[in-house]
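To start, the structure under review is shown below, and the notes come after it.
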Amino acid sequence: MPFSIATWNINSVRLRMPLVAQFLADYQPDVLCLQETKCPDDLFPLSAFRKAGYEHVAISGQKGYHGVATVARRPIEIVEKRRFCDNGDCRHLSVHVEAGSRRILLHNFYVPAGGDEPDPEINPKFRHKLDFVAEMHDVPALEADNLSSVLVGDLNIAPLETDVWSHKQLLNVVSHTPIETTSFEAMRRAGNWVDLMRQAIPPEEKLYTWWSYRAQDWAASDRGRRLDHVWSSPNLSPALTGIKVLRHARGWERPSDHVPVIASFDLD
DNA sequence: ATGGTCGACCCTCGA
C-alpha cells in the first residue's frame, strides 16, 4: 500500500491556511507535519483541516512564536510533546500512526534557527541551538518487527556542501557552520537515522528547501539551503519510493520561505 | 560592502 508523509514550515498556519488546503487537495499526503504554526492551540484552524479531509490533529502551539502540528487522514495517537532545553518552547511533537502492518513513530521537529552570530559564547540563541541538537541525541530511530520511526521537520541546519548555494560563502553563516554540521551528522548517526532525502536524491546534486524572503528574485539568485529533513529508521528506508521537494511552492502567492517535502513509501 | 523581507503583535522579537 502507498503511504506518504509531508513536512512544511508554514510560517503562520492561520495566514496560509488557503495554501495548505490547496496543497492537501493537490497532493493528498496521508500525514502532514507543520512547523512555525505561530498559533495558540485554541485558535488552531481545526475546521479548515476537517473540511480538507484531515480530521485527526495533534498540536503543540504557543502565542506568536514556534509551534508544531501533525494532521492526518487516518487516526493518530499523540505520544509526547517534549520541551527541549526545558524552556517552554513548542518545538516537538510525536505521534503513532498505523500504516499497513506497521506502526510508525513520527517525530515532528522545529529546531531553533540560532540567531546571526555563530559564536555560542556571545550569542545565547546559537548556544540554545547547539544544546537543542545535543539533546536530540536522546531521540533514537526505534525499530522492531512491526515498528518503524520517522523524524521530519525544519531542523535549520544544512549539513552537506550541496545543501547550500555556496559552501565556501556560508561556512561562517548560521545553519552551515562546521560546529553545526558536524554535531548534526553525529546526532543523526548516533540515533541510527537514515537521511531519506539524500537516499533518493544523490548527495552530489544541489538540493534546497528554503529561500530567504530578502532576495529580490529568489528563483534567479537561487541562494537556497536544505533546512528541512526527512529521516527514518533503517527498517523503513527500503520502502521509500520517492521524495518530492515542491520548489515551485516558493513561487506561490504570499508563500512561506520554506517549501513542502513529501516522502512516499510502499508498505506491506 | 551592506542591507535586504516577513509574521505576530504592541513595537520589538524571532526568523
Side-chain angles (χ1 to χ4, degrees), chain A residues 7-21 23 33-45 48 59-69 83-92 108-120 122-133 152-159 163-166 168-177 179-181 184 208-229 246-261:
Chain A
T7 181
W8 194 7
N9 177 318
I10 197 61
N11 189 14
S12 173
V13 69
R14 284 176 287 175
L15 182 70
R16 271 179 260 285
M17 192 60 224
L19 280 189
V20 177
F23 165 74
C33 294
L34 294 168
Q35 302 86 33
E36 267 205 283
T37 53
K38 294 185 173 176
C39 180
D41 290 354
D42 55 336
L43 297 177
F44 192 84
I59 48 183
S60 180
Q62 66 186 87
K63 185 178 177 179
Y65 306 104
H66 323 314
V68 291
R83 303 306 172 106
F84 284 74
C85 301
D86 200 24
N87 69 351
D89 284 2
C90 297
R91 295 181 176 275
H92 167 264
N108 179 357
F109 269 99
Y110 177 46
V111 173
D116 290 329
E117 183 57 57
D119 181 349
I122 62 177
N123 176 9
K125 290 181 199 161
F126 194 66
R127 172 82 269 157
H128 178 215
K129 182 180 198 176
L130 298 179
D131 290 345
F132 195 103
V133 171
V152 304
D154 175 6
L155 305 186
N156 266 318
I157 292 173
D163 291 336
V164 292
W165 64 275
S166 168
K168 278 174 89 170
Q169 286 178 259
L170 289 178
L171 269 172
N172 202 34
V173 172
V174 171
S175 74
H176 193 62
T177 62
I179 185 166
E180 289 169 272
T181 58
F184 184 83
Y208 315 137
T209 64
W210 173 89
W211 291 260
S212 171
Y213 281 127
R214 294 177 189 177
Q216 53 176 11
D217 185 335
W218 73 272
S221 57
D222 199 20
R223 297 185 166 189
R225 307 178 199 169
R226 183 169 74 109
L227 303 180
D228 302 273
H229 296 268
L246 301 196
R247 178 187 165 96
H248 70 282
R250 186 62 180 78
W252 289 347
E253 206 178 318
R254 294 203 83 185
S256 169
D257 44 357
H258 296 251
V259 299
V261 179

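A, B, ... follow the sequence lines: proteins, then strands. Residue 1 opens every chain. The model shown is predicted, which means the values in this text are computed figures rather than measured ones. Side chains are part of it too, since the values below use all heavy atoms of this structure and drop only hydrogens, waters and symmetry mates.
Across the protein-nucleic acid pair, A/L43 atom CG and B/dA8 atom P stand 12 Å apart, rounded to whole Å. To the nearest angstrom, P of B/dT12 lies 17 Å from NZ of A/K63. At whole-Å resolution of the value, CZ in A/R14 and C1' in B/dA8 are 8 Å apart. B/dA8 atom P lies 11 Å from atom CD1 of A/I10, rounded to whole Å.
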Distances for protein N/O vs nucleotides 13-15 of chain B N/O pairs under 3.5 angstrom?
from, atom 1, to, atom 2, distance (Å)
B/dG14, OP2, A/K125, NZ, 3.4
B/dA15, OP1, A/R91, NH2, 2.9
B/dA15, N6, A/R214, NH2, 2.7
B/dA15, N1, A/R214, NH2, 3.2

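Rounded to the nearest Å, the gap between the P atom of B/dT2 and that of B/dC6 is 23 Å. The separation of B/dC10 from B/dG14, taken at their C1' atoms, amounts to 15 Å, rounded to a whole angstrom. Annotation: B/dG4 and B/dA15 have their C1' atoms spaced 14 Å apart (nearest Å).
When all heavy atoms of A/D222 and A/W165 are compared, the pair lying nearest together is O-CB, 3.7 Å. Of all non-hydrogen atoms in A/K38 and A/G64, the two that sit nearest each other are CG-O, 3.5 Å. Between A/A158 and A/T181, the shortest heavy-atom contact is O-CG2, 3.5 Å. Heavy atoms only, all atoms of each residue included: A/P40 and A/R14 are closest at CD-NH2, 3.8 Å. Of all heavy-atom pairs between A/R247 and A/W218, the closest is O-CH2, 3.7 Å. Heavy-atom minimum distance, A/T209 versus A/L227: OG1-N, 3.1 Å.
A tilted orientation is assigned to the rings of A/F109 and A/H92, their planes being inclined by 30° to 60°.
At a cut-off of 3.5 Å, with distance as the only test, a side-chain donor of A/Q35 or A/T7 sits close to an acceptor on the other residue.
Among the duplex regions that DNA chain B forms, those built from at least three successive Watson-Crick or G-U pairs under 3.5 Å are B:5-8 with B:12-15, ordered by first number.
Listed by first then second residue, pairs satisfying side-chain hydrogen bond (donor to acceptor under 3.5 Å, both in side chains) with a partner in residues 110-119 of chain A read A/E36-A/Y110, not counting sequence neighbours.
For the pair A/R254 and B/dG7, the criterion of a side-chain N or O lying under 4.0 Å from OP1 or OP2 is met.
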